[in-house]
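One structure is given below, encoded as structure tokens.
Residues take their numbers from the sequence shown, with the count starting at 1.
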Amino acid sequence: MKTCDVLIVGGGLTGASLALALAELGLNISLAEAVSVRERCDSSGGERALALAKGSVGIFSRLGIWPNLCERATPIRHIHISDRGHFGKTRLNASDLGVDAFGQVLLAKDLERVLAEACAKKGIEILCPARLIKLEVRFNAVEASLIQNGQRLIRRARLLVAADGGKSQVRRWVGIGQTTHDYGQTAVIGTVYPESPKLFTAFERFTATGPLALLPLPRGRSALIWTLPHKEACSIQAMPLKQFEQHLQEAFGWKLGRLHLDSPLYGFPLRLIRAERLFAERVALVGNAAHQLHPVAGQGLNLGLRDVAVLARLLVKHLKRGGDPGAFTVLERYAKLRSYDHDRIIGFSHALALWFTPTVLPLVLTRNLGLLALDLWPLGKRLLVEQAMGEMDLG
Ligand SMILES: Cc1cc2nc3c(=O)[nH]c(=O)nc-3n(C[C@H](O)[C@H](O)[C@H](O)COP(=O)(O)OP(=O)(O)OC[C@H]3O[C@@H](n4cnc5c(N)ncnc54)[C@H](O)[C@@H]3O)c2cc1C
């Protein structure tokens, strides 16, 4: 049996970011991840385009990995929000609001790879592929049983961080409940090649079936994220190429000329999951294990990275005074510090997902008036952008 200060379960984007942040502090860190980096990058999840808020870029800069990411990232300098077939629209320009870009778009697989390379250089014990199968809290530590290559391993840690995603088993094993909302929708993603690309521009178009986003990628391509009821999502994924392209064109319109599909399509069923608490004895939750969001506002990872930043900062302060990383006071403070940001962003994403789905006429009218008013109201634009850019004071 080996002992470590912190065992992180789940080496996805938030787990790996936390491992890197904590390794900087000279802590003895173990990171357990069930699926190899290669498999994660080659899966549908690796193809997700992620809009990183300015605050998240700041976190990666402080972790020292932004220089390796920026050449693969595309800045968002303009945002165009509109309602298909209706009058409402809002345009946002980064320069009007005094910023260079609202955020940056990166493919999840590029971020996974850079994080994995950085973790490998930092003396973190990486157990991968290794799956946590059991945990027990005893004698001021968590005892975790893992399976790696058919062998059973035990790690004793003073703090276990669950970064094991929306279906978190750790959350269940430590008895933390969850509230859920099934949107009855699937996000269909893929890459599109537009005939007349608009560089550095993100489009959010509200269609009769749900929101359709095109995010800018290198070489004039765009990442498609199209939210539809499950049945329609299955049906468009099964369409022959030409029929799909025609369907997409009808939904998006001709703003970028003819749209060509440049990749396979992948589907992600959408559910809101929120943990009822952020900690249990010697266990903290971060990222999707704490909150899984609708992707309409592009906030899930951004919120998870702020969990990471806050937890790492608290641990530094506490350890400088010779404290125990799994102490109740640290975990309680972590939950307190994260509650406002969680309420704000989960509420915002959920409201947006519900507001932009209905097709009932009075609601469509309200939505269009809202978009029009926002277009004419500079302060409203600034508030919306500040909300989405996710900057925070890390003290
Ligand atoms: C279509 C789509 C678009 C999105 N767009 C955006 C966006 O633009 N901006 C944004 O901020 N967010 C976006 N998100 C959300 C973002 O992808 C997630 O919030 C983020 O990836 C969550 O990362 P995570 O590390 O917390 O969880 P996960 O990515 O779920 O990682 C959990 C990891 O834990 C591992 N694991 C699970 N159980 C165990 C176990 N027992 N033992 C060991 N390992 C285990 C899993 O293998 C997995 O690798 C989007 C999501 C979707 C679906």
Side-chain angles (χ1 to χ4, degrees), residues 7-19 30-37 39-48 50 108-109 111-112 115 127-137 142 144-148 155 160-189 225 227 230 233-234 266-280 282-296 298-308 311 335 338 342 345-346 349-350 353:
L7 169 64
I8 301 167
V9 179
L13 301 174
T14 51
S17 302
L18 181 66
S30 296
L31 175 66
E33 165 55 50
V35 181
S36 72
V37 182
E39 261 183 88
R40 295 203 308 274
C41 291
D42 291 347
S43 73
S44 56
E47 298 301 326
R48 266 168 311 156
L50 300 168
K109 61 184 175 191
L111 188 48
E112 291 264 10
L115 279 167
L127 304 166
C128 182
R131 178 171 289 281
L132 178 80
I133 52 161
K134 191 174 149 207
L135 66 92
E136 277 176 279
V137 180
V142 179
S145 304
L146 300 128
I147 294 283
Q148 184 175 36
R155 287 290 173 276
L160 183 145
V161 179
D164 55 344
K167 293 181 185 151
S168 172
Q169 279 178 309
V170 173
R171 187 177 65 214
R172 195 152 40 85
W173 287 336
V174 298
I176 297 180
Q178 61 188 46
T179 48
T180 60
H181 176 89
D182 190 340
Y183 291 105
Q185 296 172 330
T186 294
V188 176
I189 67 156
I225 304 129
T227 306
H230 296 313
C234 283
Y266 302 100
F268 296 83
L270 302 178
R271 252 154 69 95
L272 167 68
I273 302 175
R274 184 174 187 179
E276 282 167 2
R277 278 184 296 127
L278 282 189
F279 72 101
R282 295 204 168 264
V283 173
L285 308 187
V286 294
N288 272 28
H291 43 70
Q292 179 180 294
L293 310 185
H294 193 293
V296 64
Q299 292 294 324
L301 176 62
N302 291 308
L303 190 61
L305 289 172
R306 297 201 288 278
D307 297 343
V308 164
L311 185 59
R338 294 306 295 137
H342 285 188
I345 295 296
I346 294 168
S349 295
H350 187 54

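- In this structure, the side-chain hydrogen bond (donor to acceptor under 3.5 Å, both in side chains) partners of Ser168, at least two apart in sequence or on a different chain, are Asp164.
- Tyr183 and His350 have their aromatic ring centers within a separation under 6.0 angstrom.
- Closest approach of Ala162 and Ala289 over heavy atoms only: O-CB, 3.6 Å.
- Across Leu146, Leu31, Ile147, a single residue satisfies side-chain contact (heavy atoms from CB on, under 4.5 Å) together with Leu127, and that is Leu146.
- A donor-acceptor contact shorter than 3.5 Å links the side chain of Gln292 to the backbone of Arg271.
- Taken to the nearest 0.5 Å, the CG atom of Leu7 stands 4.5 Å off from the CG atom of Leu160.
- The heavy-atom pair separating Ile273 from Gly166 by the smallest distance is CD1-O, 3.6 Å.
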- Should Asp182 and Leu270 be marked as a side chain to side chain contact (heavy atoms under 4.5 Å, CB included) after you check the CA-CA gap, both sets of side-chain angles, and the distance that decides it? CA-CA 7 Å; Asp182 190 340; Leu270 302 178; over 6 Å; no

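- For Arg48 (side chain) and Gly45 (main-chain N/O), a donor-acceptor pair under 3.5 Å exists by modelled atom type.
- Residues Leu115 and Ser17 form a side-chain contact, since some pair of their non-hydrogen atoms from C-beta on lies under 4.5 Å apart.
- Remark: Ile345 CD1 to Gln299 CD distance equals 4.5 Å, nearest 0.5 Å.
- Contact between Pro129 and Ser36 at its shortest, heavy atoms only, is CB-N, 4.4 Å.
- Rounded to the nearest 0.5 Å, atoms CG (Leu301) and CG (Asn288) are 8.5 Å apart.
- For the pair His294 and Thr227, the minimum side-chain heavy-atom distance is below 4.5 Å.
- Looking at every heavy atom in both residues, Asp307 comes nearest to Gly287 through OD2-N, 3.1 Å.
- With Leu18 as the partner, the side-chain contact (heavy atoms from CB on, under 4.5 Å) test is satisfied by one option alone out of Leu13, Leu305, Val308: Val308.
- Judged by distance alone, with hydrogens and angles left aside, the side-chain atoms of Arg40 form a donor-acceptor pair with the main-chain N or O of Val35 at under 3.5 Å.
- Between atom CG of residue Leu135 and atom OG of residue Ser145 there is a gap of 8.5 Å, rounded to the nearest 0.5 Å.
- The nearest pair of heavy atoms linking Gln148 to Cys128 is NE2-N, 3.4 Å.
- Residues Glu47 and Ile189 meet the side-chain proximity criterion, which asks for heavy atoms closer than 4.5 Å.
- Going from atom CD1 of Ile8 over to atom OG1 of Thr14 covers 9.0 Å, rounded to the nearest 0.5 Å.
- In this structure, OG1 in Thr186 is found 10.5 Å from CZ in Phe268, a value given to the nearest 0.5 Å.
- Remark: side-chain polar atoms of Arg277 are paired, donor with acceptor, to backbone N or O of Phe279 under 3.5 angstrom.
- Side chains of Leu278 and His342 form a contact here, defined as non-hydrogen atoms less than 4.5 Å apart.
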- Query: Passes side chain to side chain contact (heavy atoms under 4.5 Å, CB included), Val9 versus Val161? Steps please.
  - Reply: CA-CA 6 Å; Val9 179; Val161 179; over 6 Å; no

- Task: Could you check Glu276 against Arg274 for salt bridge (Lys or Arg N to Asp or Glu O under 4.0 Å), going step by step and ending with a plain yes or no?
- Result: CA-CA 6 Å; Glu276 282 167 2; Arg274 184 174 187 179; over 6 Å; no

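- For Glu33 and Arg131, the salt-bridge test fails: no basic side-chain N is under 4.0 Å from an acidic carboxylate O.
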- For the pair Val296 and Ile225, evaluate side chain to side chain contact (heavy atoms under 4.5 Å, CB included) and give the outcome as yes or no after the intermediate values. CA-CA 9 Å; Val296 64; Ile225 304 129; over 6 Å; no

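- Between Gly300 and His291 the shortest heavy-atom distance is O-CE1, 4.0 Å.
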- Task: Begin with the C-alpha distance, continue with both residues' side-chain angles, and end with the deciding distance and a verdict on side chain to side chain contact (heavy atoms under 4.5 Å, CB included) for Trp173 and Leu132.
- Result: CA-CA 11 Å; Trp173 287 336; Leu132 178 80; 3.5 Å; yes

